Amino acid sequence: MSDPIIHMERIEKHFGNIIALAGVSFDVIAGECHCLLGDNGAGKSTFIKTMSGVLKPTKGDIMVDGRKVTFDSPRDAMEAGIATVFQDLAMIPLMSVTRNFFMGREPTRGIWPVRQFDVETAKRVTMDEMRKMGINLRGPDQAVGTLSGGERQTVAIARAVYFGAKVLILDEPTSALGVRQTANVLSTIDKVRKQGVGVVFISHNVRHAMAVGDRFTVLNRGRTLGTAKRGEITSEELQNLMAGGQELAALEGSLGGTV
Amino acid sequence: MTATSADIDERVKSESLMVRLMKRPELGAIAGLIVVVIFFIFTARGNMFTLSGAINILTPAAQLGILAIGASMLMIGGEFDLSIGAMMAFAGMIFGACVVTLGLPLILAIPLTLICAAIIGLINGQIVIQTGLPSFIVTLALLFILEGASLVGLKALTGGSTQLRGVRDATQEDWLAPFFSGDAFGGLFRWLAENGLVDTFNNGAPKVPGIPIEIVWAVGLTLVATFVLMRTQTGNWIFASGGDRKAAENSGVPVRSVKTGLFMFAACCAALVAVITVLDLGSTDPKRGFQKEFHAIIAAVIGGCLLTGGYGSAIGAFVGSVIFGMASIGLTFTKIDGDWFKVFLGGMLLLAVLFNNAVRKRVTGER
Ligand SMILES: Nc1ncnc2c1ncn2[C@@H]1O[C@H](COP(=O)(O)OP(=O)(O)O)[C@@H](O)[C@H]1O
Ligand SMILES: [Mg+2]
């Protein structure tokens, strides 16, 4: 097993007297899909927000390539190669796919005052990257609002990968999607993983996780119940863990026990 | 930059110019303009559609247009400024004070006026951004503050009369004056007259001595604003800031700076109109720009700007201003009572809003 790109060690996050995270450890290796599972309110979003620089952990360490780091902003995390596709996607429906794709990172050419947004390059790259992900746009000017939910997820993922993400965090990308669109997003995750990106796939749906996951970590009420490798655990066992780990004792043997 | 044919999706090419134009936000305004022109062709007496008739319409339309370009950029960025009308009065006062009271040359007076306007825009922007209050209410407060300040200031400057005169005498000799007052391309029009290409008076002088300078400014600003919106990084940031502030921020767009900059730009547009009109009339008064903020916003909306931000165009705002000017002046060429103007305006606005809403739904795929 290669060294993790990012390693989160005993992360705690308190909101006043609410303990949202009570010591969660988690790591991501290049080219794997590590699923973070948990029921609603388990603390999944809170956890990945500490990983992506949106929230500062109350306690615990973050290590990137073996070095301890602190993220003061999402920018810091992005610069360390950690990109996040949040549940709200950060897409603007009124704007074209191209303009969304390059939002905040527009390619330019020429010198001021005639420095231009290089629209031609932007359009070409967008069409290429989307085609690689299996989406044929009607045109680079197509508004994001006219895309399906799954296609929007794919644009957001393609954008993150194009801009050099080493770790890609996806917060419940499939929770609002139908069967077909879910399948598309799962196949996108597979493509991204094969390019050597470490994917953190958050879900409360065990079937979606089992379809693409290499490792599985279950969060329950702000605690992790351990990490299991693919093939070491069944859907039923994961389901039980998410429900509160009543059968924890019976499952202990099958867990990797990285905590 | 050469793209091989494999790089281009065959369906991109098949999108004709017509289809691309149909998707532009100013489409509605251009259609509206055609309707209004047809209406006046049938109702107006002859001389509305001559060169001098057109100049008559375009001069006030251009003044409004400069204001509307600022307003539309700000609206695309997701904010409003109700204080731009009062800003005209305020900037007019500052400019008048610089020129008449302090006797400054235009090379100092105009930048000073623009800097004052930019500072007020900065204040507007900072209050809106720091507090998160709707720009509507913040700039409404500024409207009254600026209106009151102009009144107080002008009374102090004039010793009670509120109308500050003597601008023309003070600026007549100024080398910069031709860039902000009078007509441009006078030589061209004289040449056209000599060659019998335009109507002339009996003495041979052209009936239209040139293009009023505000038209040149409005067209120039429309082109620059359109270039910025369509072809620069800043333009993408403006659309993004107005489309969804949070999404833009998460993607690294400096939303705060963008919005503040737009407030400053809108205020400077108002100040530019103030400078032009004060030079034109030779005086300034606190009623200058009264209700112009509404006219500018109406022009921007007719031009395809969404009230919710993130969509619109500067060309549209200018066309909206031309519709506005044509309707207000055009009625005097017809037998129709001019009092119908406001009814017409309200109807036009309502139509534009309904149309824009339908466009938004189509673009966003919302049903
Ligand atoms: N900013 C906050 N302030 C207080 N409590 C919060 C905050 N954010 C999350 N929580 C709490 O932390 C817990 C975990 O939330 P979250 O991470 O969103 O769960 P999940 O994404 O797994 O559904 C919830 O009980 C939630 O109420
Ligand atoms: Mg969540």
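Remember, it's a predicted structure, so these values are computed and weren't measured experimentally. Below, chains carry the letters A, B, ... as their sequence lines are ordered, and counting in each starts from 1.
The environment of B/Phe136 atom CZ is sparse: at most 12 non-hydrogen atoms of other residues, nucleotides or ligands sit within 6.0 angstrom. Heavy-atom contacts from other residues, nucleotides or ligands closer than 6.0 Å to CZ of A/Phe163 number more than 12. Remark: B/Phe227 CZ is packed, more than 12 non-hydrogen atoms of other residues, nucleotides or ligands lying under 6.0 Å away.
The main-chain N or O of A/Ile92 is never found under 3.5 Å from a side-chain atom of B/Asp244 such that the two would form a donor-acceptor pair.
The two atoms that bring B/Met230 and A/Arg99 nearest to each other are O-NH2, 3.0 Å, heavy atoms only. Here the shortest heavy-atom pairing between A/Met103 and B/Ser251 reads CE-OG, 3.2 Å.
For the set B/Val253, B/Leu306, B/Asn236, B/Thr232, the entry with the most heavy-atom pairs within less than 4.5 Å of chain A is B/Asn236. Put simply, of B/Gly252, B/Gly242, B/Ala248, B/Pro254, the one with the most heavy-atom pairs under 4.5 Å next to chain A is B/Gly252.
Remark: A/Met78 CE to B/Asn250 CG distance equals 9.0 Å, nearest 0.5 Å.
For the side chain to side chain contact (heavy atoms under 4.5 Å, CB included) test with B/Gln233, the passing option among A/Gln116, A/Arg115, A/Glu106 is A/Glu106; the others fail.
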**Prompt:** Between B/Thr308 and A/Leu94, is a side-chain contact (heavy atoms from CB on, under 4.5 Å) present by the stated rule, with each step listed?
**Reply:** CA-CA 11 Å; B/Thr308 42; A/Leu94 277 167; 5.6 Å; no

